[in-house]
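Below is one structure; the comments refer to it alone.
Because the structure is predicted, anything quoted here is derived from the model rather than measured. Naming convention: chains lettered A, B, ... in sequence-line order (proteins, then strands); numbering from 1 in each chain.
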Number of protein chains: 2
Amino acid sequence: MRSQQSRILVQLRDLILKGAFAPGERLAEIPISARLGASRTPVRLAFSTLEQEGLVASSPGGGFVMRAFTRKEIDDAIAVRGVLEGMAARLLAENGLAPGMKEAFEECLTAGDSALGGDALSLDGYADYVEMNDRFHEMLVRFCGNAALQRSIEVNSRLPFAAASATLPMHPASGDGRRWLLITHHQHRTLVEAIQRREGTRAQALAIEHVEVARMNLRFAYEKAREGAEVAPAMRLLAPSEDRESA
Amino acid sequence: MRSQQSRILVQLRDLILKGAFAPGERLAEIPISARLGASRTPVRLAFSTLEQEGLVASSPGGGFVMRAFTRKEIDDAIAVRGVLEGMAARLLAENGLAPGMKEAFEECLTAGDSALGGDALSLDGYADYVEMNDRFHEMLVRFCGNAALQRSIEVNSRLPFAAASATLPMHPASGDGRRWLLITHHQHRTLVEAIQRREGTRAQALAIEHVEVARMNLRFAYEKAREGAEVAPAMRLLAPSEDRESA
DNA sequence: GGGGCCATCATTGCATGCAATTTGCGCAGA
DNA sequence: TCTGCGCAAATTGCATGCAATGATGGCCCC
C-alpha cells in the first residue's frame, strides 16, 4: 500500500463496481471509514475522486450518494469509446507500429486462438479471453502515443459497463456467448491486419464497429436484468426506470 | 461561495492557468492555504482534483508540483478535441436539431458577424468573438445529448491551450489575426449549415478540420514564445525543451 | 386523528494537532 | 574543490476536534 488514500480509493471503487451500494444510497463517511480501517479524511478524498470519475454524486445537503446509471448513459459512453479507440487505431495505422508492438498484438491474437480453441468454452478459457481482451484494448490505447487520447479513454471507461471488458458477453457458457467471442476475436484480427497494412480509415471503422458488440451485450444485460442481478451484483447500478426504454 | 473547497478549487485553477506557478515548482500547502484564506484541508482536496484534471502532478516524495505541458501533449489534446467535437457535430446532424437549437446557433453566427463587421477589429469585437466562440463550442457539445461525450470534452479541454478558446489567434490586432477569425467564423457557418442539412459526415469532417486552426495557433505561440510570455504569463507552462521540436 | 413545528441528533465540512518522512544544508574527508 | 553523510527543519499525510447544517422523531395544536 503506497498510502492510505490510494488504498481507500481502490477499495472503495471496487466496492462500488461490485454493487455494494444501492443507487441513491447515502455514502456516509463514518461507517465506510470504519469498514475500511481508516479515518474520514482519506475517505473524503476518495469520494471526491470518485465524484470526478462520475461514480458517485454529491448530495445537495452535503455528502455523497451512490449514483445510478441509465442505459442511455452507458450506451453513449460506449459510443464515445468507439470513437476514441477508432482514433487510436487510425493513429497507429498512420504512424506505423514501433518495434515490438506487432509481436505484442500477435501474441494477443494467438492467446485468443488458444482460449477459443476447443469445441466448448471452458471457464478458464473465458477468463483467459477476458484478460487478453483487456490487454488488447489497453495496448491499442497505449501504443498510439497520444497521451490525451489515452486519458480520455481511461476516464470514459471508468463508467460501469463502458470499459472494454464490458464488450464481452456475460454468458460465456451458452453457445451464443462463444459465438460472440469468436466474432470479437475476428474483429481484433482484422483490426491488427488493417493497422499493419497502414489502412487508417479501415482500422478506425473496425474499431468503431467493434464496440457495437458491447452495446448489444448491454441490451442483452438489460433484458435479462432479473437473473443477471444474482450473478453480477453490479447490475443493480443500472437505473431501473430504463426498463421501459429497453422494451 | 457554496463551500470553501469549491472556491479554493476555482481560485487555484485560475492561478495555475494564469501561470502563477513555474513548471516544476513545488506547490506547498501552507503558503497556498494562507494565500487563499483557508486551511490546508480544502487545499489538499483541490490539489487532488487538479491532479485528476492533469494540471498538477503528485511529487514522488509527497505533495504536488506544477506540471509542464509539452507541445506534443497539447497538440494531441487538440486532436482529441477535434475527434470528439466531430462526433458531437455528427450526432447533432443525424438526430436533428431540437426546437430552439437552430436559433441559438444562428444567434452565434450573427453575433460573430457583428463582431467581425468593421474593417478593423476592435478589442471589444475580439472579446465579443471569444465569448461567442466559447458559447458556440459549448452548445455544440451540450446539444448533442451525449453526456459521456460532453464529459470527455470537458475533461480534455481542461488542459491549457487545448480548450476551444485556444482556437483563437492570440494576436487579434494584426491583420493575420482578423483573417483567421474570419476563417473560423466561416467554419462555424458551414458547420451549422451541415448540421441543419443533416449531413453528418460533412459536419464531422468540418468540426475536425476546425481544430486545425487551434494547432496552427499553438505553433505560432511556440514560435513567438519569447514575446508571448510577457503578454500571457500562462505561456511559461509550455515545456521549454520542446522548442527544438518546433524548429 | 392528522398535520405542522420544534428539539434533538447525526453528519458533514473545515481547522488543527501530531507523527513520519523528506528535503535542504552544513561539515568533514578525500 | 568535490563528494558523501548526518542532522535539523519543514512539509506532508492522517486522525480527530468542533461548529454548522440538515435529517428525524416526538409532541402539541387544530
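In this structure, A:E29 atom CD and C:dG13 atom P are separated by 6 Å, rounded to whole Å. Rounded to an integer number of Å, the gap from A:F64 CZ to C:dT12 P is 10 Å.
By the 4.5 Å heavy-atom criterion applied to side chains, A:L15 and A:L36 are counted as neighbours. Between A:I32 and A:F64 the shortest side-chain heavy-atom distance does not fall below 4.5 Å. By the 4.5 Å heavy-atom criterion applied to side chains, A:L191 and A:F105 are not counted as neighbours. Put simply, the side chain of A:I30 does not reach to within 4.5 Å of the side chain of A:V43, judged on heavy atoms.
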How does each nucleotide of nucleotides 14-25 of chain D score, in 5' to 3' order, for protein heavy atoms under 4.0 Å: base (B), sugar-phosphate only (S), or none (-)?
BBBB----S---
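No engagement by B:L45 is indicated, since no non-hydrogen atom pair under 4.0 Å with the nucleic acid exists.
Contact detail for B:L55 and B:R13: the closest heavy-atom pair is CD1-CG, 3.8 Å.
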